[in-house]
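All values reported here derive from a predicted model rather than from experimental measurement. The basis for the numbers below is simple: all heavy atoms, side chains too, and nothing from hydrogens, waters or symmetry mates.
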Amino acid sequence: MLRRLIAGIGGLALATTLSQFPEYAQQYTQRLGGAVDELRVITEEFDRAAEAGGLDRQAALARYNASNDDFLAGRGHSMTATFQRYEMLSSTLAEIEGAGPVERLQSLPAYLDTDIGRRTLENYKPAIPVTMEGVLYAGGGFILGYLTLSGLARLLGMPFRRRGRGRIRVTRT
């Protein structure tokens, strides 16, 4: 009875934890999308300004970088880093939007290991899973938690079990 109670508590705890992943992934995707949108605006503005000056992006960056003015050269390096970040985040967003529930869960360590992932976690708001994905994660978490704690309770209880099994019982008549 106690083993089932402990296993049930473990199942509920893991169900609650895993059911939150789809919400975290959704909040992360929203933040990532916002960052990509802002970087797109900066990139497009730079490209328009370069084009108005008769240059493409690479030529405009080369002009910045070739400048003897430390400020302008620094802006060139900064813009190069901005364009690289834009490409990286755009690629990550496309990858996430095309991923299924299992692929997103497998990518969790990569989400957490980014500036956007850390900020998402810092500001994360738990939600009740009402999507099929959230319910499936909760169900999987319950089963995994229940089985894990049930097995652990059984293992830890082995030294305390009665050893009376296998003995021959003598009955009086």
Supply the atom-to-atom distance R75 CZ to D70 CG, rounded to the nearest 0.5 angstrom.
-> 14.0 Å

If two hydrophobic side chains count as joined below 4.5 Å and joins carry through other members, does F142 share a cluster with L147?
-> yes

Does I9 belong to the same Ile/Leu/Val/Met/Phe/Trp/Tyr cluster as Y146, with side-chain heavy atoms less than 4.5 Å apart forming each link?
-> no

Taking the six-membered ring of F46, is NZ or CZ of R57 closer than 6.0 Å to its centre and within 45° of its axis?
-> no

Would a hydrophobic clustering, with Ile, Leu, Val, Met, Phe, Trp and Tyr connected at side-chain separations under 4.5 Å, put L121 with L89?
-> yes

Can you name the ring-ring contact (aromatic ring centres under 6.0 Å, His included) partners of Y86, sequence neighbours left out?
-> none

Keeping the roles fixed (side chain from E51, backbone from D56), state whether a donor-acceptor pair exists under 3.5 Å.
-> no

If you measure from CG on D115 to CZ on R31, what distance do you get to the nearest 0.5 Å?
-> 9.5 Å

Spell out, as yes or no, whether a donor-acceptor pair under 3.5 Å connects the side chain of S91 to the backbone of E87.
-> no

When rounded to the nearest 0.5 angstrom, what distance separates NE2 in H77 from OH in Y64?
-> 12.5 Å

If two hydrophobic side chains count as joined below 4.5 Å and joins carry through other members, does I96 share a cluster with L39?
-> yes

Decide if atom CD of Q30 counts as having more than 12 heavy atoms of other residues, nucleotides or ligands within a radius under 6.0 Å.
-> yes

Any donor and acceptor pair, going by atom type alone, linking the side chain of E103 with main-chain N or O of G100 inside 3.5 Å?
-> yes

Could you tell me whether the side chain of I116 reaches within less than 4.5 Å of the side chain of R119, counting heavy atoms only?
-> yes

Verify the distance criterion only: is there a donor paired with an acceptor across the side chains of Y124 and E23 at less than 3.5 Å?
-> no

Minimal heavy-atom distance between N65 and A73, with the atoms involved, is OD1-O, 3.7 Å

Tightest non-hydrogen contact, residues Q20 and P126, listed as OE1-CA, 3.1 Å

OG (S90) and CG (D37) are apart, to the nearest 0.5 Å, by 9.0 Å

If you draw a 6.0 Å radius around CZ in R63, do more than 12 non-hydrogen atoms from other residues or ligands fall strictly inside?
-> no

Which heavy-atom pair separates G76 from L61 by the least distance, and what is that distance?
-> O-CD2, 3.7 Å

Kindly assign one of parallel, tilted or perpendicular to the pair Y24 and Y28, based on the angle between their ring planes and the thresholds 30° and 60°.
-> parallel

Just wondering, do T92 and T114 contact through their side chains at under 4.5 Å, heavy atoms?
-> no

Report whether I143 and L136 are members of the same hydrophobic cluster (ILVMFWY, side-chain heavy atoms less than 4.5 Å apart, transitive linking).
-> no

Trace of the side-chain contact (heavy atoms from CB on, under 4.5 Å) decision for M79 with I42 | CA-CA 9 Å; M79 290 307 296; I42 293 167; 3.8 Å; yes

Roughly how far, to the nearest 0.5 Å, is OG1 of T80 from CZ of R85?
-> 15.0 Å

Minimal non-hydrogen separation, A60 against L55, with atom names | CA-CD1, 3.9 Å

